[in-house]
Amino acid sequence: MYTPILSPLSWDLGHIANFEELWLVQRVGGLEPMRGELGRLYDAIENPRSTRNELPLLRGEELRAYMDEVRARTLDVLEGAELDGDDPLLEGGFLYEMLIAHEHQHNETMLQLLQMVESYEPVEVDDGPAAEPVAEGPEMVAIEGGEVELGAGPGGFAYDNERPRHTVELEPFRIDRAPATNGAFAEFVAETGSEPPRYWERDGEGGWVRTAMGRTEALDPRLPVVHIDWHQADAFARWAGKRLPSEPEWEAAAAGTDRERANLDHLAFGCAPAGAYADAASDAGAVQMLGDVWEWTASDFTAYPGFEAFPYPEYSEVFFGPEHKVLRGGSWATRRDVIRTSFRNWDLPERSQIFSGVRCVKDG
Ligand SMILES: [Fe+2]
């Protein structure tokens, strides 16, 4: 299975191992690369997605052997690593946290591809996280505005783009209590003739079916809409008489959300209905701010005031600018340890193979 908008799975796997070798074996351990030529193959910047399938990638047994060897060397190096010294890369295990997060972020990318695979069977599905009961509540919840703190504080692991924590002034606003649903999006499509989300098809009787991982099912109107691009999210919000939240608005509305009570970690291989996890609402009363679907924001991916690239400019800095829009909150396919309310994901506004949905806001 291969599509030019995603990487072949063997590229992701080789890249995960090669990135680990680069940082934890070569940089921390001071060892020579096992196979010097691999560095170029698995460099994400040098090899755009559309070209990755043409590379002489490691596959099958050879790939597994390389991954195993890198992991063994990483663990060897870890034995002697000085995690409480003053090397900022190692202090508090920063690089180790970063490499686990990197691997886990690629798990989600791989799921984007796997759900296009017709015969893919999830190894294990836990129905619990998607079967959480739905509680009634208001359509929108209010946020007072005033000064809010944005970003990650100095302690613990966070990416450079989440720092430094700083204060932003917000006008009062209201935000949808839950993410927008398939049902609402179908109404929008019916009224405006807009493009439906990726993976939707007409059922021939005026309704919709949705196909993922080879299974075609009637569209469930209660579930959050997923696989929409930024333009669809923005048009939907306007149609609803609302708008997309800015990043500070989103983060203020998400404050107090607990990632331990959220549909994450690809356990359920799908979303919980909009309005679930009401016992884990944010301080403002919004539910599912973490998990289920990534939420498009109105904001371009830009540096916070006082930003410093760490540990390398290719993680975030090279992507800053108006071409990328920020998504927040993680999806059912996001690993739990990756997500937090300050986490910033970014993508091109035309991307819809990601697990992206929308939640709207209104002034006042
Ligand atoms: Fe990567």
Side-chain angles (χ1 to χ4, degrees), residues 1-28 33-59 63-64 66-71 73-74 89 93-116 157-162 264-266 294 301 309-321 323-327 330-331 333-340 343-348 351 353-356:
M1 170 72 200
Y2 173 69
T3 160
I5 56 174
L6 288 165
S7 312
L9 292 180
S10 57
W11 187 88
D12 279 282
L13 291 170
H15 166 81
I16 289 169
N18 188 249
F19 196 68
E20 181 171 321
E21 189 189 11
L22 191 72
W23 284 98
L24 297 184
V25 181
Q26 295 173 235
R27 171 70 178 73
V28 179
M34 286 160 53
R35 301 176 57 166
E37 80 283 6
L38 295 183
R40 293 197 65 169
L41 288 186
Y42 295 113
D43 185 314
I45 306 255
E46 238 181 272
N47 303 291
R49 285 174 177 180
S50 58
T51 66
R52 290 176 188 169
N53 205 39
E54 288 139 40
L55 299 169
L57 301 173
L58 300 182
R59 295 184 195 262
L63 172 59
R64 274 187 211 104
Y66 173 65
M67 293 170 72
D68 288 348
E69 180 60 24
V70 169
R71 184 54 53 90
R73 289 181 178 215
T74 294
L89 281 177
F94 180 89
L95 268 187
Y96 288 88
E97 294 256 17
M98 186 182 92
L99 267 287
I100 292 170
H102 178 255
E103 176 168 339
H104 283 179
Q105 284 167 263
H106 275 277
N107 291 166
E108 179 164 351
T109 322
M110 291 165 78
L111 272 165
Q112 292 167 18
L113 183 88
L114 285 174
Q115 74 160 4
M116 296 180 179
F157 177 81
Y159 282 111
D160 56 0
N161 64 58
E162 297 167 69
L264 289 160
D265 246 353
H266 53 78
W294 287 102
F301 187 48
F310 182 77
Y312 61 115
E314 286 76 21
Y315 182 75
S316 336
E317 197 174 15
V318 298
F319 298 100
F320 285 150
E323 40 315 316
H324 292 103
K325 294 290 183 191
V326 173
L327 299 113
S331 73
T334 307
R335 301 295 299 271
R336 203 174 300 274
D337 63 340
V338 165
I339 203 65
R340 51 196 162 263
F343 187 92
R344 308 169 78 198
N345 186 8
W346 66 91
D347 221 319
L348 299 169
R351 283 276 167 82
Q353 70 268 38
I354 54 178
F355 301 99
S356 46

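Counting starts at 1 for both ligands and their atoms, following the listed order. In this chain, numbering begins with 1 at the start of the sequence shown.
- The atom name of the N/O/S atom in H106 closest to the Fe ion (ligand 1) is NE2.
- With respect to the Fe ion (ligand 1), H15 has NE2 as its nearest N, O or S atom.
- The minimum heavy-atom distance linking S356 with R351 is given by the pair OG-O, 4.4 Å.
- The Fe ion (ligand 1) lies closest to atom NE2 when only the N/O/S atoms of H102 are considered.
- Y42 has its side chain within reach of L57: a pair of non-hydrogen atoms, C-beta onward, lies under 4.5 Å apart.
- Checked against a 6.0 Å centroid threshold, the rings of Y159 and F157 count as neighbours.
- Close placement of the H102 and H15 rings is indicated, their centers lying within 6.0 Å of each other.
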